[in-house]
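Presented below is the structure to which this report refers.
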Amino acid sequence: MDCDGQNGKDVVIDCCINDLHYGSFKAVRDTHIPIKKQKITAFIGPSGCGKSTVLRCLNRMNDIVRGFRFSGHVHFGGRDIYHPSIDAVAVRRHIGMVFQQPNPFAMSIYNNVAFGLRLNRYKGSVAEKVEEALKRAALWNEVSDKLQKSGLSLSGGQQQRLCIARAIATDPKVLLMDEPCSALDPISTRKIEELMLELKTHYTIAIVTHNLQQAQRVADETGFLYVDTSEGGRTGYLVEFGDSKQIFEDPQQQHTKDYIGGAFS
Amino acid sequence: MAVIGGQLKPDLPAKFAGDSNMPGQINVEELEKSLLKPRTIFNQLLIVFVTVLTLTALVPLFSVLWMLLWKGGHNLSLAVFTQLPPSPMEEGGGFGNAILGTFVIVSIASMISIPIGVLTACFLSQSETGSGLASTVRFAAKVLTGFPSILAGVFAYGALVLTMGGYSAIAGGVALSILMLPTIVLTSEEAIRMVPKKMKEAAIGMGATDTQLMWMVLLPTAIPGIMTGVMLALARAAGETAPLLFTALFSNYWLGSSGHIDLRQPTASLAVLIYNFAGAPFDNQTSMAWTAALILVVMVLISNLIGQLFSRRQIN
């Protein structure tokens, strides 16, 4: 597929997947998504269409899965992060990730946020950075008086914001969010969505979501992935990518129209 | 169908009334308790049976504890902890050197087995499922769990006592470390594997290297489980006699009686003291053996309780 299209200078991650296998299982094919600077890019699609897999490609989280094979490239700042000379660990320090289940460490709130700074042997004031990250994640007011309490003592929504604070404490260029609200109640979801819109001014965000309204509310650009069963397996591929407004109001492909219209889920 | 057209067939026994496929029809009588039903009787019988057997299983433990308290309790005094073992015919005395010796030997064993065991567990827990080396090591550890303790003693005798030119606390520690190692390896691996996968993912997603992942996330989270394993291994090692007979032997004197603490000398331990004194023909020595056994059981109990405390904290 053509991956050398006109990607403006504002593309931070140019993701171009030809084939992606787990062992002999072909999980994703022909997916090209340019992720633009300080924009929110959403991946939508039915369950099992590989949208999380694509997201996890962007910071090489799939490397820890056995049998993972990848053909294509993911350009980050002009370099292919799958090039043999690239250290996956270093990539993940620039491209942070927030997971579906809130996953704070079994340590204090403070140490959770300071974790990434310690990984990087941060030289400046850790306390300042922790406070800044918690403020950015809109959690500071709720936890400023109990920073030494366990991160696990917080509610689900707070835990997820803690995870966001942890991810942004090291100032990553890009924040990947894998269905960050699917385990949360509507109020916490709203908070996280507001937070994403605020974070957009500093970071580039890519988000996987099951929730179409959420994509509509927060995303600047949206990619719709669908499952292709023609080759026997369940292989995900990108059907349509574009401005969120266009995808939701004027989808060009029949599959997209059906999905947005609620014909299937 | 017992019910046709909403009417009960008169020739059917009443209990089939409940089999009706009519929605909303419940035979209330079937819900009532009855002690005469076969399944109720069977149930009650099994409950009694299981309870009796459970209590039977506790008999050995409590009878031993009772005997220890009865025969060894009256000797308990400060002298027991501060004085040396009595010679034949002598009255009084204690076994302070054996308590100290047990601590020293078990400490040496811990210093050897805890680092090796925990690091092995780190390796095993991070190995992939199909790894040949890991499954060999795991299998070896499981075999070692059932390793006869006397063989550990013979091994340390051959490897250390013969080469170092005598019985020593070090040889005793090495023998016990062999017995502690498999418990520590297997429980620590389990504890590390129990750390939720999502925490592991979080650390990897932050850009942690394998070492940082282990050192900053997995080990701190698994510490309660690891401590439980260590305490259980300690409790087992403290009570072993056979390996010490070949290695540390016994001594009637304090560890540092020659002016400085020398770990290359024969060293007293509670287990060997009990072994020596229990069969002695002198009353004072036999009653010392009872008291020593009581102290040993209490020590083992305390380390088990500490282990429990850790594992409970892990659950919370």
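Quick caveat, the model's predicted, so the values are computed rather than measured. All chains are named by letter (A, B, ...) in the order of the sequence lines, taking the proteins before the strands, and each is independently numbered beginning at 1.
For chain B, no part of P172(A) is nearby; none of its heavy atoms comes within less than 4.5 Å. Heavy atoms of I95(A) lying under 4.5 Å from chain B belong exclusively to its backbone. Within the 4.5 angstrom heavy-atom criterion, only side-chain atoms of F99(A), from C-beta onward, approach chain B.
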Report every donor-acceptor pair between chain B and chain A with a separation under 3.5 Å, backbone and side chains included.
residue	atom	partner	partner atom	Å
E128(B)	OE1	R66(A)	NE	3.2
T129(B)	OG1	R66(A)	NH1	3.2
K198(B)	O	N103(A)	ND2	3.0
K198(B)	NZ	P102(A)	O	3.3
E201(B)	OE1	R56(A)	NH2	3.4
E201(B)	OE2	R56(A)	NH1	3.0
E201(B)	OE2	R56(A)	NH2	3.2
G207(B)	O	R93(A)	NE	2.6
G207(B)	O	R93(A)	NH2	2.8
Q212(B)	OE1	R93(A)	NH2	2.8
Q212(B)	NE2	L119(A)	O	3.1

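In this structure, the separation between CE on M216(B) and CE on M107(A) is 6.5 Å, given to the nearest 0.5 Å.
With respect to chain B, the highest number of heavy-atom pairs below 4.5 Å among L119(A), V89(A), I64(A) belongs to L119(A).
Heavy-atom neighbours of I187(A) CD1 from other residues, nucleotides or ligands within 6.0 Å: at or below the threshold of 12.
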